[in-house]
Amino acid sequence: MDVNDPPKPFDSPQGRPFDDTQGKPSDFIREAVAEDLRTGRFKYVRTRLPPEPNGYLHIGHAKAFLIDYLVAKEFGGQLNLRFDDTNPTKEETEYVNAIKEDAHWLGIDWGDREFYASDYFDELYEWATLLVKKGKAYVDDQSAEEVSKSRGTLTEPGVESPFRDRPVAENLDLLERMKNGEFPEGSRVLRAKLDMADPNMVMRDPVMYRILHATHHRTGEKWCIYPMYDWSHGQNDSMEGITHSLCSLEYEIHRPLYEWFLDELGVFKPRQIEFARLNLTYAMMSKRKLRKLVKMGIVKGWDDPRLTTLRGLRRRGVTPEAVRDFIAKVGVAKTDSWIDMALLEACIRDDLNKRSPRRMAVLRPLKLVIDNYPDGQVEEMNAVNNPEDPPAGTRKVPFSKVVYIEQDDFRETPPPKYFRLYPGNEVRLRYAYLVKCTGLIRDPVTGAVSEVHCTYDPATRGGDAPDGRKVKSTIHWVSAQHAVKTEVRFYDRLFTVERPDEGENVNEIINPHSLEVLTDCSIEPSLAEEAKPGDKFQFERIGYFCVDPDSAPGKLVFNRTVTLRDTWAKIEKKQG
RNA sequence: UGGGGCGUGGUGCAACGGCAGCACAUCAGCCUUUGGAGCUGAGUAUCUUGGUUCGAAUCCAGGCGCCCCAGCCA
């Protein structure tokens, strides 16, 4: 299987079913779900994906989405996609479409079970009037500031609203008129009547509806009041027959309210279970901060390859399989944790290694002249497309007297343990010949090495020496007369600190070298002919690269997805 | 000085009263026509104090540390 084939959403790179029960991850959520089925608390499993359409998905969402999707799938249940569109001032259709696209890319399948919180506005309103009639909700005329002030603090109880004991009929009338748009924004809210002295502040008469004279992306001008999350989410879960409402830790303190509403209404009550959200080192997950990076122009857009948005990862060349593998390895627990970016990179390499066609590309070219090779001769060398995947076959690579090699692959004076080209040393040009360095030419002005010379051993065609002699290094090359010029973009971590999401000083922690553009790269001709945007390759000995959509006919642009593991870099680093 | 939650190698996740294991990372070696991949091995952990028990990461009590909550955001 080639990485450039159309994705098969639920096969791992090995071709095993994605949710194979062999080594199926077990965690406290799956245990709870299994127990609920065993005890008969629920007869089936249905989860929900609850994105708010106010931004693009990032890898943190991938964790939540995959948990929701896989739990449903593993227990033979269903997944509802339900957009949490209760705040028309922040939400847009553009995001709805982008979220669906990204979720599909990830491999999430919700069939035709696509819903919106706004689908339930009518019924939800009816349920609100039920609570009003029970004396469990009231219209509060206080201003936002007054409500906030009277809520109390973490250690002091709040004070009850003067409107708290309004007669039911008056509440009903006022609520109706709020709905009809008779009052200005901010003038009144509907509140649940709980306990202003509750130590859990969520329970101090939470707001259910606020007045918003806004145009909703789906309901248009129909509504002048919109439900708050707490009043919408659980009720929607109930209406949809969701059994397990899986969410992040910060909603733990909302669970008593979630259950209170459902109990007061006397309706089907799903179980809310909370887990820790994903934190990734050197990455930013907060939508607010992500938006800031885009707005300030620090990145080029939501799909900038340096971002861990799903679109960014995709453009960078990361596969959905790698993301899924990563999320599976991250696990599910309630501990606040930071996952090492190195784990994501390992998952990316692991997937790409097995599937990427290999090609030769010289990113920082240095001219190597083979003095004893016949002028004008061209040979077609046989190269393996992917040693990890023999069925991927072989290809021909043209070879001639002058080739480009990587500047890094030549040293005039080699440091200890350097095995590549240096005067007097013999190396293998991959799939071609053994060559021995005989000298170099300098630029008369700068003094820099402008050309390296060598001789080749005609008996070593293909790279094998008939006399059995070994060389310690194999380097890649591109025939100068056949080379096609391309642009290559290197990406590095966007931030200089490990936990960029923690502070506020986004500006001060930007890595100024997060993007490096190389414009004088040479690739082998076969690559120039075949590569289309989105295609992924391994450039031998360098890393994994993906064709960027900025590419134009005759002018390819590659993104470096991730480097290969580089043992030499470590040795060099140790040597100082 | 309220309430809720969480503490296991460097980073994560297991072990559900019985030899603390796995992955990533690190280090060493083998192998190699990618200093890739693969293979082998090593080091490093149960927040703390006490209790229960033949036996505690696990159960109990206290302490300490970290996270979340005072939006008419979700």
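Quick note on labels: first sequence line is chain A, next is B, and so on, each numbered from 1.
- Taking the ring centre of A/Phe545 as origin, the terminal cationic atom of A/Lys536 falls outside the region bounded by 6.0 Å and 45° from the ring axis.
- Along RNA chain B, the nucleotide closest to A/Ala569 and the one closest to A/Ala333 are compared, and the more 5′ of them pairs with A/Ala333.
- Proximity note for A/Thr153 (side chain, C-beta onward) versus B/G12, B/G2, B/A70: the nearest is B/A70.
- The aromatic rings of A/Phe539 and A/Phe558 sit perpendicular to each other, their planes meeting at more than 60°, with 30° as the lower class boundary.
- Within the nucleic acid shown, A/Arg565 comes within 4.0 Å of sugar-phosphate atoms alone, with no base atom in reach, counting heavy atoms only.
- No donor-acceptor pair closer than 3.5 Å links the side chain of A/Ser245 to the backbone N or O of A/Gln272.
- Heavy atoms of A/Ile253 sit under 4.0 angstrom from at least one base atom.
- When heavy atoms are screened at a 4.0 angstrom cut-off, A/Pro50 is found touching no nucleic acid atom at all.
- Evaluation of atom-type donor-acceptor distances gives a pair under 3.5 Å for the side chain of A/Arg420 against the base of B/G35.
- Side-chain N/O atoms of A/Glu250 and base N/O atoms of B/C67 include no donor-acceptor pair closer than 3.5 Å.
- Using a 4.0 Å heavy-atom cutoff across all strands shown, A/Tyr431 reaches at least one base atom of the nucleic acid.
- A/Tyr418 comes within 4.0 angstrom of a base, heavy atoms only.
- The listed nucleotides are B/G5, B/G35, B/A23; the one nearest the side chain of A/Lys334 is B/G5.
- Using a 5.5 Å limit on the distance between ring centres and a 30° limit on the angle between planes, the aromatic ring of A/Phe419 counts as stacked on the six-membered base ring of B/G35.
- Not one side-chain nitrogen or oxygen of A/Arg255 sits closer than 4.0 Å to the OP1 or OP2 atom of B/G4.
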